[in-house]
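One structure below.
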Amino acid sequence: MKQRVIGDVSVSAIGLGGMPMSIEGRPDERQSIATIHAALEAGVTLIDTADAYHQAAKDEVGHNEELIAKAIRAFHGDTDAVLVATKGGHLRPEPGAWAQDGRPEYLKEAAKASAKRLGVDAVGLYQFHRPDPSVPYADSVGALAELLDEGVIRMAGISNADPDQIREANEVLGGRLASVQNQFSPAFRSSEPELELCDELGIAFLPWSPLGGIAKAADLGTAYEDFAVIARERDVSPQVVALAWELQKSDVVIPIPGASRPQSILDSVVAATVKLRDEDVARLDAARPAA
């Protein structure tokens, strides 16, 4: 598997997003573990999760973290190189509702709880999930700096951040900001400035919903004919073309497509082997939804 870098750690160029395996409509545990094992067997060494990836009930908090930890323990091969990235500060207190808690004291306790669920001494990559408008951003990120200094986490990242927040976070962290996880896909391109800033600063950019989201990923080729045309030329899926296009945006880009079936992640990893022509990239840059 082609490699990219987060902080000082090499990871697979395509990661695995764990969210679909734990929220509403999730598959049974056996299928989810098979999906994670298929990813590991294919060379995926970055798995992204969050304590908020669960069904909307308080007793479900951390479901996805525990699932991923269980799957890694049960894997037959070497998992020493696997980086599990998790997030804190986003909550699902009740059905249909999302909330934020960016208080430093909350984030510090949440990170320790995540480490316990993951069964690790230190979280490999801990990311502030979403800004809390009721808490100064520097205070929330300051908690990550303290977690780094205390050895609770090995690397710090942020998610759903704008360019000013990226700069502020990197300053608060003393230049130690390892990653930015923002939504980016053929259907959602407004994070281009954040991607470009990460490229400039040498910070990993992790697109979430890189195929357009759980409900729309399967229809990517129908919605965007240019991706379908190039996919037919390459004998791959439109989803593979989308991930390959994102990879060629910058060497700092590491897409994390969500999956709940082995077939899905095995298709996604093909993107790491696809090299698009410059004219293909330009065509996809200009692609817009079908009328």
Side-chain angles (χ1 to χ4, degrees), residues 15-40 44-75 79 82-103 106-130 132 144 147 152-154 157-160 179 181 183 206 208-211 213-215 217 255-265 268:
L16 170 65
M19 184 177 179
M21 291 180 272
S22 289
I23 61 172
E24 289 74 11
R26 67 194 184 200
D28 60 52
E29 185 177 279
R30 181 179 301 181
Q31 180 175 317
S32 293
I33 289 177
T35 301
I36 296 167
H37 285 180
L40 295 173
V44 171
T45 57
L46 172 63
I47 302 178
D48 181 77
T49 182
D51 60 6
Y53 291 169
H54 59 79
Q55 293 182 351
K58 290 182 179 179
D59 61 356
E60 280 256 326
V61 173
H63 179 277
N64 197 243
E65 293 175 324
E66 292 176 342
L67 173 67
I68 288 168
K70 181 176 182 178
I72 290 175
R73 287 195 302 270
F75 187 61
T79 59
V82 176
L83 174 65
V84 177
T86 192
K87 299 182 286 295
H90 214 4
L91 315 173
R92 299 197 70 195
E94 57 187 39
W98 288 83
Q100 291 81 43
D101 192 339
R103 293 174 298 135
Y106 171 79
L107 290 172
K108 293 187 71 173
E109 289 306 312
K112 293 171 185 176
S114 288
K116 184 176 181 180
R117 285 189 290 265
L118 292 170
V120 296
D121 294 329
V123 176
L125 172 62
Y126 192 72
Q127 304 155 101
F128 179 34
H129 203 154
R130 186 177 289 275
D132 181 347
L144 301 191
L147 288 166
V152 177
I153 66 176
R154 289 171 45 218
I158 55 176
S159 184
N160 301 298
S179 66
Q181 185 177 145
Q183 185 175 6
L206 315 179
W208 62 264
S209 287
L211 301 176
I214 296 172
I256 45 172
S260 59
R261 299 181 302 126
Q263 302 95 312
S264 297
I265 189 60
S268 291

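For the numbers below, each heavy atom of this structure counts, side chains included, while hydrogens, waters and symmetry mates do not. Starting from 1, each residue takes its place in the sequence as its number.
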**OP:** Run the numbers on Arg26 and Glu60 for salt bridge (charged side-chain N to carboxylate O under 4.0 Å, His left out), then give the verdict.
**Re:** CA-CA 13 Å; Arg26 67 194 184 200; Glu60 280 256 326; 2.8 Å; yes
**OP:** Check whether any side-chain N or O of Thr35 sits under 3.5 Å from a backbone N or O of Ser260 as a donor-acceptor pair, and report yes or no.
**Re:** yes
Original post:
Does any non-hydrogen side-chain atom of Lys87 lie less than 4.5 Å from one of Asp48?
Top reply: yes
Subject >> Shortest non-hydrogen contact from Ile265 toward Gly15 >> reply: CD1-O, 3.9 Å
Original post:
Tell me, do Gln127 and Leu206 make a side-chain contact under 4.5 Å, heavy atoms counted?
Top reply: yes
Original post:
If you look at every heavy atom in Ser114 and Tyr126, which pair is closest and at what distance?
Top reply: OG-CE1, 4.2 Å
Subject >> Rounded distance (nearest 0.5 Å) linking atom OG of Ser179 with atom CD1 of Ile158 >> reply: 8.0 Å
Original post:
Between Arg92 and Glu24, which heavy-atom pair has the shortest distance, and what is it?
Top reply: NH1-OE1, 3.1 Å
Subject >> Residue pair Leu16 / Val44: nearest heavy atoms and the distance that separates them >> reply: N-CG1, 4.0 Å
Original post:
Do you know which two heavy atoms are closest between Gly102 and Asp132, and how far apart they sit?
Top reply: N-OD2, 2.8 Å
**OP:** Quick one: pull up CD1 in Ile33 and CD1 in Ile68 and give me the separation to the nearest 0.5 Å.
**Re:** 11.0 Å
Original post:
Can we say Arg73 and Glu66 salt-bridge, meaning some charged N sits less than 4.0 Å from an Asp/Glu carboxylate O?
Top reply: no
Subject >> Salt bridge Asp28-Arg30, side-chain N to carboxylate O under 4.0 Å >> reply: no
Original post:
Roughly how far apart are Ser22 OG and Asp51 CG, rounded to 0.5 Å?
Top reply: 11.5 Å
**OP:** Over 60° means perpendicular and under 30° means parallel, so classify the ring planes of His90 and His129, tilted if in between.
**Re:** perpendicular
Original post:
So how far is it from Asp101 CG to Tyr106 OH, rounded to the nearest 0.5 Å?
Top reply: 6.0 Å
Subject >> Leu147 and Lys108, any side-chain heavy atoms less than 4.5 Å apart >> reply: yes
Subject >> Rounded distance (nearest 0.5 Å) linking atom CD1 of Ile47 with atom CG of Leu83 >> reply: 9.0 Å
Original post:
Can you find a heavy atom in the side chain of Asn64 that is under 4.5 Å from one in the side chain of Ile23?
Top reply: no
Original post:
Taking the six-membered ring for Trp, are the ring centroids of His63 and His54 within less than 6.0 Å of each other?
Top reply: no
Original post:
Is the shortest heavy-atom distance from the side chain of Leu67 to the side chain of Glu29 under 4.5 Å?
Top reply: yes
**OP:** Taking all heavy atoms of Arg130 and all of Trp208, pick out the closest pair and write down the distance.
**Re:** NH2-CZ2, 4.3 Å
Original post:
Checking Ser159 side chain against Gln181 main chain: does a donor-acceptor pair fall under 3.5 Å?
Top reply: yes
Original post:
What's the verdict on side chain to side chain contact (heavy atoms under 4.5 Å, CB included) for Val123 and Val152, showing C-alpha distance, side-chain angles and the deciding distance?
Top reply: CA-CA 6 Å; Val123 176; Val152 177; 5.6 Å; no
**OP:** Run the salt-bridge test on Glu65 and Lys70 with the 4.0 Å N-O cut-off and return the result as yes or no.
**Re:** no
Original post:
Distance from Leu91 atom CG to Trp98 atom CH2, nearest 0.5 Å?
Top reply: 9.5 Å
**OP:** Sort out for me which residue in Thr49, Leu46, Leu125 forms a side chain to side chain contact (heavy atoms under 4.5 Å, CB included) with Val84.
**Re:** Thr49
